[in-house]
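This report refers to the structure that appears directly beneath it.
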Amino acid sequence: MRITCPFCGERELGEFTYLGDAKPVRPVAGASEDEVFDYVYLRDNVAGVMSENWYHGGGCRAWLKVTRNTLTHEISAVEPAAGAGAAKVGA
Amino acid sequence: MKYSIFSLARAALSGHKNWQRTWRDATPKDRYDVVIIGGGGHGLATAWFLASEYGIRNVAVLEKGWIGSGNAGRNTTIIRSNYGLPGNTGFYELSMKLWERMEQDLNYNSMVSQRGVINLYHSDAQRDAYARRGNTMRINGIDSELLDLAAVKKMMPFLNFDDARFPVQGGLLQRRGGTARHDAVVWGYAHAASELGVDIIQNCEVTGFVRDANGKVTGVGTSRGKIGAGKVGMAVAGSSSRVASMAGLRLPIESHVLQAFVSEAIKPLIPNVITFGAGHFYVSQSDKGGLVFGGDIDGYNSYAQRGNMPVMEDVCEGGMALMPMIGRVRLLRQWGGIMDMSMDGSPIIDKTPVDGLYLNAGWCYGGFKATPGSGFVFAHLLARDESHAEAARFRLDRFRSGAMIDEKGQGAQPNLH
Ligand SMILES: Cc1cc2nc3c(=O)[nH]c(=O)nc-3n(C[C@H](O)[C@H](O)[C@H](O)COP(=O)(O)OP(=O)(O)OC[C@H]3O[C@@H](n4cnc5c(N)ncnc54)[C@H](O)[C@@H]3O)c2cc1C
Ligand SMILES: [Zn+2]
């Protein structure tokens with residue numbers, strides 16, 4: 001598996017760190033116990049196309065949103081994650 | 001059929017041409033008292049204990065491929081009971097005791113080899129942690145010995161004792177730990193369960209659940225038609241989320257790939273199972289002479305049953321750090337298996353919120369050693385509708401209640417367990 005970083009180009013997997021499913025959204029203050037439990041512990045554990053967070057620690061150190069098929073390891077899209085990385089694109 | 005020295009002699013004299021099938025490859029009936037999904041070690045052991053221990057023989061094991069095609073046939077075969085946390089300690093020892101009598105119970109040679117498992121330590125902190133774990137084991141009547149450097153050198157003179165970064169200081173040894181022949185474990189349970197009337201049905205994928213008006217599970221839909229069931233038990237290792245989702249359940253589990261490696265065969269070198277605590281590398285030598293080894297999981301969600309290069313590199317580096325002399329040995333084979341990584345690194349054996357559906361999941365990469373124990377306590381749950389005392393903490397709601405069993409202390413991060 002190789003990941004094409006939008007800032008650095010195609011790089012080998014060892015440069016990246018995985019943070020997991022990009023779908024769960026951190027509950028806001030005052031969220032119910034159920035929402036927090038869901039966010040921390042439960043997972044869709046998708047068999048197929050999944051959107052994930054990766055960190056390019058061995059390169060530009062940006063957070064990336066990677067669209068990948070968990071059945072084949074095929075990567076169909078890599079975008080800067082919302083936040084600092086996304087801001088860089090505009091710059 | 002019964003295996004004995006006489007059956008072996010008889011088969012040998014007729015040129016090994018008259019061996020009988022070891023289990024019946026059954027066609028599905030309309031209904032069973034218990035249907036087990038998953039023909040791995042855990043599913044087959046469950047069926048055997050249901051029949052032999054709890055007298056429930058109208059049982060089917062449904063396997064989508066061939067039995068043992070999942071992790072049961074992909075693991076590095078290490079068995080041990082050196083766990084330190086309440087919940088784990090007693091359960092894995094129950095399992096170890098069942099390994100010790102498995103061949104007699106099943107009338108099958110599963111090649112259980114108690115060659116010893118040693119976890120090396122490389123720092124004072126690691127020594128203290130292992131000493132504590134060893135003491136916990138001894139308090140619970142489980143064998144363990146803390147070896148100092150001299151004792152390790154005597155036992156394994158071939159290790160690299162000059163590693164500047166992670167010097168070997170000693171190790172925690174469990175002499176009763178070791179390995180077992182994984183395929184033979186599957187075949188042994190299939191053989192013994194089939195003898196007692198259990199139907200083992202291969203090429204039969206469960207594709208959905210049949211439910212009554214109250215939502216109770218009353219059967220399964222399969223690639224070979226509907227099969228009715230009094231109760232349904234899931235033991236599908238890396239596929240738990242996928243199968244559970246067909247009953248509308250979301251689990252505290254992610255599927256990750258773990259790789260294993262085998263080298264070309266060499267003369268007997270490694271007498272036991274060695275784990276390199278500093279680098280997460282573990283190795284043993286198979287009876288055919290190959291070095292069998294592995295390390296960390298690849299670290300991202302996967303159902304692909306194959307891994308990637310960075311982990312191969314990392315595992316081989318770990319091996320070289322510990323035993324530089326294996327650098328000239330060629331790698332023969334490599335493969336991956338998909339595991340249920342649970343949020344605290346421990347298994348789940350419980351009823352589910354869906355009536356009639358029972359869950360055996362979340363074994364991470366340590367579930368082979370659990371095979372007999374898991375089958376025993378899951379059969380107990382299915383037969384009696386209550387948890388076995390040694391599995392009482394493997395609850396599905398422990399994540400919500402905070403009663404996690406986090407042996408590694410890593411938190412809710414499945415790829416770190
Ligand atoms: C590379 C590797 C090394 C490992 N090393 C060790 C080790 O040294 N020691 C240790 O203790 N553990 C080890 N493990 C972990 C251990 O192998 C597993 O935890 C354990 O085998 C899981 O239980 P099982 O044998 O029943 O699973 P499996 O053999 O995976 O059984 C599950 C079965 O369910 C079937 N199935 C899935 N979905 C369906 C469906 N819808 N319908 C019908 N059937 C279905 C699958 O085909 C599969 O055969 C290792 C795992 C891997 C991958
Ligand atoms: Zn980059």
Side-chain angles (χ1 to χ4, degrees), chain A residues 1-5 8 10-27 31-59 63-78 81, chain B residues 236 238-246 248-257 296-314 317 336 338-345 348 353 361-362 395-404 406 411-416:
Chain A
M1 223 159 95
R2 293 169 76 83
I3 297 179
T4 306
C5 172
C8 312
E10 189 183 321
R11 298 295 186 92
E12 65 106 1
L13 190 61
E15 292 188 2
F16 301 84
T17 309
Y18 182 69
L19 194 78
D21 193 346
K23 196 173 148 203
V25 180
R26 192 187 179 89
S32 71
E33 212 178 296
D34 273 354
E35 288 170 285
V36 175
F37 167 68
D38 242 64
Y39 171 73
V40 178
Y41 294 111
L42 297 187
R43 294 289 182 272
D44 289 340
N45 199 14
V46 178
V49 177
M50 177 166 163
S51 175
E52 334 177 301
N53 289 317
W54 289 78
Y55 176 63
H56 194 185
W63 282 94
L64 306 174
K65 200 170 117 187
V66 176
T67 311
R68 189 178 62 97
N69 190 322
T70 60
L71 291 162
T72 61
H73 294 172
E74 190 192 347
I75 293 171
S76 50
V78 187
Chain B
V236 293
S239 304
S240 297
S241 299
R242 278 206 271 185
V243 176
S245 71
M246 298 192 271
L249 294 173
R250 281 173 87 220
L251 299 177
I253 283 175
E254 287 183 2
S255 297
H256 285 256
V257 63
D296 281 319
I297 62 176
D298 276 42
Y300 45 85
N301 290 49
S302 174
Y303 286 95
Q305 285 203 146
R306 63 184 159 77
N308 262 301
M309 293 298 281
V311 167
M312 284 181 83
E313 202 179 343
D314 185 64
E317 280 170 4
I338 303 304
M339 299 134 339
D340 273 359
M341 298 304 296
S342 67
M343 290 291 175
D344 63 355
I348 300 161
R395 299 291 307 276
L396 180 55
D397 71 359
R398 69 173 183 269
F399 303 92
R400 190 184 283 273
S401 68
M404 254 80 72
D406 188 350
Q413 195 73 357
N415 61 344
L416 299 183

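Residue numbers start from 1 in every chain, and the chains themselves are labelled A, B, ... in the order their sequence lines are given, proteins ahead of strands.
- Contact count against chain A (heavy-atom pairs under 4.5 Å) is highest for B:N308 among B:D344, B:V257, B:N308.
- Closest non-hydrogen pair, A:S32 versus A:E35, comes out as N-OE1, 2.9 Å.
- Proximity to chain A (any heavy atom under 4.5 Å) is shown, for B:M341, by neither the backbone nor the side chain.
- For B:N301, the parts lying near chain A are the backbone and the side chain together; criterion is any non-hydrogen pair under 4.5 Å.
- At distances below 3.5 Å, at least one donor-acceptor pair connects side-chain atoms of A:T70 with backbone N or O atoms of A:V46.
- For chain B, the option among A:M1, A:M50, A:H73, A:R68 with the highest count of heavy-atom pairs below 4.5 Å is A:H73.
- Only the side chain of B:R242 has a heavy atom closer than 4.5 Å to any heavy atom of chain A.
- Side chains of B:Y300 and B:D298: a donor-acceptor N/O pair is present below 3.5 angstrom, by distance only.
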Item to complete: Could you walk me through whether A:E10 and A:R2 pass salt bridge (Lys or Arg N to Asp or Glu O under 4.0 Å), step by step?
Response: CA-CA 7 Å; A:E10 189 183 321; A:R2 293 169 76 83; 2.6 Å; yes
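- Among A:V36, A:D34, A:N69, A:L19, the residue making the largest number of heavy-atom pairs under 4.5 Å with chain B is A:D34.
- Between A:F16 and A:V66, the closest side-chain pair of non-hydrogen atoms is not below 4.5 Å.
- For the pair B:A304 and B:I338, the tightest heavy-atom approach, listed with the atom from each and the gap, is N-CD1, 3.7 Å.
- With salt bridges taken as basic N to acidic carboxylate O contacts below 4.0 Å, none links A:R43 and A:D21.
- Proximity to chain A involves both the backbone and the side chain of B:P252, based on heavy atoms less than 4.5 angstrom apart.
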Worksheet item: Yes or no on side-chain contact (heavy atoms from CB on, under 4.5 Å) for A:V49 and A:T67, after CA distance, side-chain angles and deciding distance?
Response: CA-CA 7 Å; A:V49 177; A:T67 311; 3.5 Å; yes
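- Counting heavy-atom pairs closer than 4.5 Å to chain A, the top residue among B:S241, B:S245, B:S240 is B:S241.
- For chain A, the nearby part of B:Q413 is the side chain; its heavy atoms alone come within less than 4.5 Å.
- At a 4.5 Å heavy-atom cutoff, the contact between A:Y41 and chain B is made by backbone and side-chain atoms alike.
- When A:G20, A:G14, A:A47 are compared by the number of non-hydrogen pairs under 4.5 Å with chain B, A:A47 comes out ahead.
- Contacts between B:L251 and chain A at a heavy-atom distance below 4.5 Å involve the backbone alone (N, CA, C, O).
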